[in-house]
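Have a look at the structure below before the remarks.
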Amino acid sequence: MRLLLVEDDAMLSGRLRIDLEQAGFAVDVVDNGVDAEFMGESEPYAAVVLDLGLPGRSGLEVLRHWRTAGNPAPVLILTARDAWHEKVEGFKAGADDYLSKPFHVAELIARLHALLRRGVARPPGPLKIAGLELDEDTQTVQISATREIFELTGTEFRLLRYFMLHPGRVLSKSRLAEQVYDCETERDSNVLEVYINRLRRKLGRDLIATRRGQGYIFGADAE
């Protein structure tokens with residue numbers, strides 16, 4: 001899934017980007033409020049990590065503008081330690097969660113997973129769909145019938161997770177690419193097909209069906 005990280009501290013954002021990518025997210029980073037507002041309006045992010053103390057335009061103002069425009073992306077705000085008033089204002093502006101600085105990256109990732117589960121009415125624990133069990137911590141997938149476990153590359157993991165969160169739905173190549181790649185990566189549809197074929201070889205060819213001219217469909221309704 002694709003995230004927007006809005007943080008003007010270059011050292012912090014650099015570390016967070018690496019950690020979030022290792023956790024299986026495609027991450028875009030901006031360091032000011034003006035660019036953040038534009039990116040949030042232009043791209044279909046699964047979630048946003050938003051610092052409130054930004055140059056150009058405050059994070060609170062950016063959030064208010066997004067919500068006024070009808071942007072529903074889950075937003076986790078970052079606040080200074082003990083700045084309770086910022087938390088209150090953030091929730092009033094439409095934030096979904098908050099985290100005080102300094103924080104542990106593991107908590108940030110756990111909170112993001114919780115936000116994403118809410119968006120698809122998903123219960124806690126491993127993602128289990130169509131005879132597969134996806135472990136988001138180890139980025140491995142287990143076939144329930146055989147108990148065989150496969151390691152996944154970062155792109156394979158992001159792609160499979162998106163499929164498993166949207167079973168039985170036709171997903172176009174462009175929609176998949178928007179969630180699998182960040183804005184700096186060239187989105188080549190042929191490369192996307194390569195990763196889909198890798199998943200088919202590992203998990204079974206019938207699990208991901210091609211709908212000619214439309215895209216792909218995953219799960220029990222794939223045939």
- Is it true that the side chains of Thr153 and Thr155 contain a donor and an acceptor less than 3.5 Å apart? no
- Any side-chain donor paired with an acceptor under 3.5 Å for Lys128 and Ser144? no
Distance in Å, [X] [atom1] paired with [Y] [atom2], rounded so as to fall on 0.5 Å steps:
X	Y	atom1	atom2	result
Leu132	Leu203	CG	CG	5.5 Å
Leu108	Leu76	CG	CG	6.0 Å
Arg169	His166	CZ	NE2	5.0 Å
Leu16	Leu78	CG	CG	7.5 Å
Leu60	Ile77	CG	CD1	7.5 Å
Ile149	Gln142	CD1	CD	4.5 Å

Residues two or more places apart in sequence or in another chain: which of them pass salt bridge (Lys or Arg N to Asp or Glu O under 4.0 Å) with [X]?
X	value
Arg175	none
Glu21	Arg17
Arg64	Glu89

- Per the side-chain contact (heavy atoms from CB on, under 4.5 Å) rule, which among Asp135, Val141, Leu160, Leu134 passes with Leu127? Leu134
Same cluster or not: [X] versus [Y], using hydrophobic residues (I, L, V, M, F, W, Y) connected whenever any side-chain heavy atoms lie under 4.5 Å apart?
X	Y	result
Leu12	Leu50	no
Val48	Leu3	no
Val49	Ile18	no

Sidechain-backbone polar pair: [X] side chain, [Y] backbone, donor-acceptor under 3.5 Å:
X	Y	result
Arg57	Asn32	no
Trp66	Glu37	yes
Ser13	Ala10	yes
Asn71	Gly40	yes

What heavy-atom pair brings [X] and [Y] nearest, and what distance separates the two atoms?
X	Y	value
Leu192	Lys173	CD2-O, 3.6 Å
Pro74	Ala46	CD-O, 3.1 Å
Leu116	Ala47	CD2-CB, 4.2 Å
Ala130	Gly219	CB-CA, 4.0 Å
Ala26	Gln179	CB-O, 4.2 Å
Gly33	Val62	O-CG2, 3.3 Å

- Run the side-chain contact (heavy atoms from CB on, under 4.5 Å) check on Tyr162 and Leu171 step by step: do they pass? CA-CA 10 Å; Tyr162 198 76; Leu171 302 173; 4.0 Å; yes
- Item | Ser172/Arg211 under side-chain hydrogen bond (donor to acceptor under 3.5 Å, both in side chains): CA gap, chis, key distance, verdict | CA-CA 9 Å; Ser172 67; Arg211 290 290 178 87; over 6 Å; no
- Message: Test: salt bridge (charged side-chain N to carboxylate O under 4.0 Å, His left out). Region: residues 147-160. Which pairs qualify, not counting sequence neighbours?
- Response: Glu156-Lys202
Side chains of residues 90-99: which donor-acceptor pairs under 3.5 Å do they make with residues two or more places apart or in other chains?
residue	atom	partner	partner atom	Å
Asp96	OD2	Arg67	NH2	3.0
Asp96	OD2	Val75	N	2.8
Asp97	OD1	Arg111	NH1	2.9
Asp97	OD2	Arg111	NH1	3.0

- Would you call Arg2-Glu178 a salt bridge at under 4.0 Å N-O? no
- Only pairs at least two apart or in different chains count here, so list each ring pair (Phe, Tyr, Trp, His ring centres under 6.0 Å) that has a residue in residues 2-52. Phe25-His113
- Message: Could you walk me through whether Lys101 and Asp51 satisfy the salt bridge (charged side-chain N to carboxylate O under 4.0 Å, His left out) test, starting with their C-alpha distance in whole Å, then the side-chain angles of each, then the deciding distance to 0.1 Å, before giving a yes or no?
- Response: CA-CA 10 Å; Lys101 296 179 180 178; Asp51 184 28; 3.3 Å; yes
